[in-house]
Protein chains: 2
Amino acid sequence: MNVDLVIRNAIVVACDGKNTVIKDGGVAVQGGRITQVAASADLAAAIQSAKTVVDGAGHILMPGLVNAHCHAADSLFRGLVEDLPLEPWLQKVWTAEGAILNPQTSYLGSVLGCAELLLSGVTSVMDMFWYPGETVRAARKLGMRVATGGIFFDGPGVTGGDLDSRIKAAEDFFAAFGGADDVFAATMPHGAYTVGPENLKAARAIADRHGGLFSTHAAETKAEQDDIQGRYGRSVIRHLDHLDLLDERATLAHCVHLDDEEIDILARTGATVSHNPMSNLKLASGIARIPDMLSAGVNVALGTDGAISGNDLDMWLALRMAATLHKGATQRADAVSTIEALAMVTTTGARALGASDRLGSLETGKLADMILVDVRRPHAVPLFDPVTHLVYSTAKSDVRHVFVGGEHVVRDGQLTRHSIDETLDEVARLAPRIAATIA
Amino acid sequence: MNVDLVIRNAIVVACDGKNTVIKDGGVAVQGGRITQVAASADLAAAIQSAKTVVDGAGHILMPGLVNAHCHAADSLFRGLVEDLPLEPWLQKVWTAEGAILNPQTSYLGSVLGCAELLLSGVTSVMDMFWYPGETVRAARKLGMRVATGGIFFDGPGVTGGDLDSRIKAAEDFFAAFGGADDVFAATMPHGAYTVGPENLKAARAIADRHGGLFSTHAAETKAEQDDIQGRYGRSVIRHLDHLDLLDERATLAHCVHLDDEEIDILARTGATVSHNPMSNLKLASGIARIPDMLSAGVNVALGTDGAISGNDLDMWLALRMAATLHKGATQRADAVSTIEALAMVTTTGARALGASDRLGSLETGKLADMILVDVRRPHAVPLFDPVTHLVYSTAKSDVRHVFVGGEHVVRDGQLTRHSIDETLDEVARLAPRIAATIA
């Protein structure tokens, strides 16, 4: 046996669909994949040949989180536009983005956003943004996985250009990254209210041709539903279904305003809903019908949305809100269970990436994307149930170690591949220019 | 001039009702009180005679937070009973509390809870629990302020005893702590559904006699409203008002289920509502009508409730939820402003303690209860507006330094008066016994 890494002495929460918890256990890793998930005592042989042994005592070991909707580079605009509903808010956001964004600033913002994500234990993110190649460059710089790809937007947007140039950019993205194991290549039309039917179909066709993913915003606000109903005589989800855009490789962000039949369409097609509770609350979009979606069998994953709306990229907060908000909103204490909530950020997120076979749980043969969560903290003691603790009281600052494909990319709460201070300084220097765009 | 402490080079958010923000400033402190709030350049004279100078560069300096509803010692039971609505949940909680709590374990739990609070920047907490003298002892051990006092409960509760013994304990509490500047002595009947009218009035009379505070749970669930309506022919707030219990020294925790007239009663009497959004969501109690209360002029403060419901004592999360939850629930982006939300944890909290003259803001003459919040973090950059940042993206782990009455009680994220590891170990040793109570 030849082992690269063993983590031992941890509380293992495997997220394997069988509620496996090992009170004192760990994993062995070889060639970026998990070769053993076991009690610490049973890892003795692996330890003998291991290049590196990490002591997980006082920590929960679990899969890295999947953030199923983000705009990492929008962290450049965090807190710039506050306390407006989505539509007028978007107008200001687009003004600022248009003035600031180019490949260099998109890279800078993506490093900022990806750093926050990775430090908090997100090992894969589905990210929609201009210059998606820069997002990949940023994610690779830090050592995380990203699902992204060509944006479709009928107006000029940030980059300008027409449908032909959008199609070319989307094809170029697949050519560059289609086979990579750290990129889940996609096409990403912005939404049904900003992309017409033919262009939505063009985006989907490219994804289909390459076996890629497809993601768009959908039914985020009541106003959007009214707009689409007025234009096409169908609600948003019916419109997308009518255009044949929905299947298991499609992820729809938000889905706040759905009727029962739209929920049934999502369940039937196997599309994933990326629920973004903090963004939906802050932008006054509403509260998505997550318990109804779960009852209907819809795949519900979780996202942070961008820090421009959020105002951060805290997946632990998204997780906690997914488990609590709907209990309060429905006055039903069983509205979303802890197991259902934890699945959203692990297995269902992995399914949204088309990567259920290799991500989302700690199981032999899967990629070694894993995190260690410190539970020797005042808010973690006593610890009766590690699953409950992960859902209801874990904070992002509890994540001390992050591994992607077995590589130790966050050690003791610090990025190992990049000095974040450089990035923070560079963003701070850019901030006055950003503020001036909407002054 | 004779100065004990100067903090300089910080971003000062004074919370003084005039939206004072000093981009590069600080405070001088003498004898536990603030003697100057000024730009860093204007602190030069104070620095010359200062015993201690703290560099606040890269931090926001603001008042310590007030948590207006907590059960700190209930942290012993964190995560023990999950995913039940309030009433059946309470039955299990009471079983566990009855089996475990005594003065020693209440002290242990209070140290655990107060440590979490103080480390996150809470410098004053309104805490309701059995053995309130032990809560005071714990708060004093760590160096924080606490509002607490004799519990009233018509059943035997944890301590047993009848009305006479409750009255005696409440009087004894005032005798022991009534004049202290770190204790806001109160009487604390549990709620209208567990304490009859005469006993509620007895509790209020003791508080009145000593000029103390009065706090109780009120209108937490729909079931409670139905219960009180059935018993007394009046809704909860009408019942409390009818008994003449409400004025500016009364704080009512939760108030989730109110009609318009009840909101008007709260506004008219000047009672404070302590809003506990995370507890209300997780226990499926509902979503309080906070925007309507603010419009009506009700004093709204914020609390965490106990970690047994929460599952932690994170006032930053309570703050963020107070500012976002109601936007989402009402679909109005102006439902609660950032200024209104920040006031809940500072000035309105201080008012609930009857301490507006000495707490809640950074102003000359006030007690030097202050915190330094690190803003050199990936989720804090760029920083366009420190108020927005405090409300929407500050995490409890950003609090690096805490001062109470000018004393440095948290330094670099560590308690200065107590080693928390001892407490965590002791709680961990007790945990199996706690788990066994409801097994």
Side-chain angles (χ1 to χ4, degrees), chain A residues 75-76 78-80 82-85 89 112 115-116 119 222 278 280-287 307 310-314 317 323-325 327-335 337-338 376 378-379 381-385 388-389 392-393 395-397 420-421 423-424 427-428 430-431 434-435, chain B residues 75-76 78-80 82-85 89 112 115-116 119 222 278 280-287 307 310-314 317 323-325 327-335 337-338 376 378-379 381-385 388-389 392-393 395-397 420-421 423-424 427-428 430-431 434-435:
Chain A
S75 291
L76 290 178
R78 174 201 321 279
L80 183 67
E82 297 292 19
D83 296 349
L84 290 176
W89 175 89
L112 176 65
E116 185 182 350
L119 286 165
K222 176 74 166 54
M278 290 309 296
N280 298 160
L281 292 178
K282 179 155 180 262
L283 291 178
S285 302
I287 298 174
N311 290 3
D312 62 13
L313 306 178
D314 186 345
L317 179 55
T324 57
L325 173 61
K327 293 182 173 74
T330 63
Q331 296 182 41
R332 278 178 36 214
D334 62 352
S337 73
T338 51
R376 296 165 303 192
H379 60 269
V381 174
L383 180 64
F384 295 109
D385 176 351
T388 295
H389 174 70
Y392 292 128
S393 44
K396 62 184 170 188
S397 49
I420 188 64
D421 289 344
T423 302
L424 300 183
V427 173
L430 184 63
I434 298 170
Chain B
S75 290
L76 290 178
R78 173 202 321 282
L80 182 67
E82 298 292 20
D83 297 349
L84 290 175
W89 176 89
L112 176 65
E116 184 183 349
L119 286 165
K222 176 75 167 52
M278 290 308 296
N280 297 160
L281 292 178
K282 180 157 180 261
L283 291 179
S285 303
I287 297 175
N311 291 0
D312 61 13
L313 306 177
D314 186 345
L317 179 55
T324 57
L325 173 60
K327 294 182 172 74
T330 64
Q331 297 183 39
R332 281 177 34 216
D334 62 352
S337 74
T338 51
R376 295 165 303 191
H379 61 272
V381 175
L383 180 63
F384 294 110
D385 176 351
T388 296
H389 173 69
Y392 292 128
S393 43
K396 60 184 173 189
S397 49
I420 188 64
D421 289 343
T423 302
L424 300 184
V427 173
L430 184 63
I434 298 171

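Here is how names work: the chains are called A, B, and so on, in the same order as the sequence lines, proteins then strands, and each is numbered from 1.
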Answer key: most heavy-atom pairs under 4.5 Å with chain A among B:Ile287, B:Leu325, B:Leu424, B:Thr330 is B:Leu424
Bottom line for A:Glu82: the part with an atom under 4.5 Å from chain B's heavy atoms is side chain
Check: Are A:Arg376 and B:Asp421 close enough for a salt bridge, meaning some N to O gap below 4.0 Å?
Finding: no
Sorted by chain and number, sequence neighbours left out, side-chain contact (heavy atoms from CB on, under 4.5 Å) with B:Ala115 holds for B:Leu142, B:Leu415, B:Ile420
If you tally heavy-atom pairs under 4.5 Å between each of A:Leu430, A:Thr324, A:Asp314 and chain B, the highest tally belongs to A:Thr324
Interatomic distance, CG@B:Leu84 vs NZ@A:Lys327, rounded to 0.5 Å, equals 10.5 Å
Among A:Lys282, A:Lys222, A:Met278, the residue with the most heavy-atom pairs under 4.5 Å to chain B is A:Lys282
For B:Leu383, the side-chain contact (heavy atoms from CB on, under 4.5 Å) test, sequence neighbours excluded, returns B:Ile11, B:Val375, B:His389
Okay, A:Ala307 and chain B: the region with an atom under 4.5 Å from a heavy atom over there is neither
Nearest heavy-atom approach of B:Ile434 to A:Phe384 is CG2-CZ, 3.5 Å
Assert top hit (heavy-atom pairs under 4.5 Å, partner chain A, pool B:Val381, B:Asp312, B:Thr423) equals B:Val381
Correct closest heavy-atom pair for B:Tyr392 and A:Asp83 would be OH-OD1, 2.6 Å
Of all heavy-atom pairs linking B:Ser393 and A:Arg78, the shortest is OG-CD, 4.4 Å
Between A:Gln331 and B:Gly286, the two heavy atoms sitting closest are CG-CA, 3.9 Å
So, the part of A:Arg332 with a heavy atom under 4.5 Å from chain B: the answer is backbone
Heavy-atom closest pair (B:Ser75 atom, A:Pro382 atom, distance to 0.1 Å) is O-CD, 3.2 Å
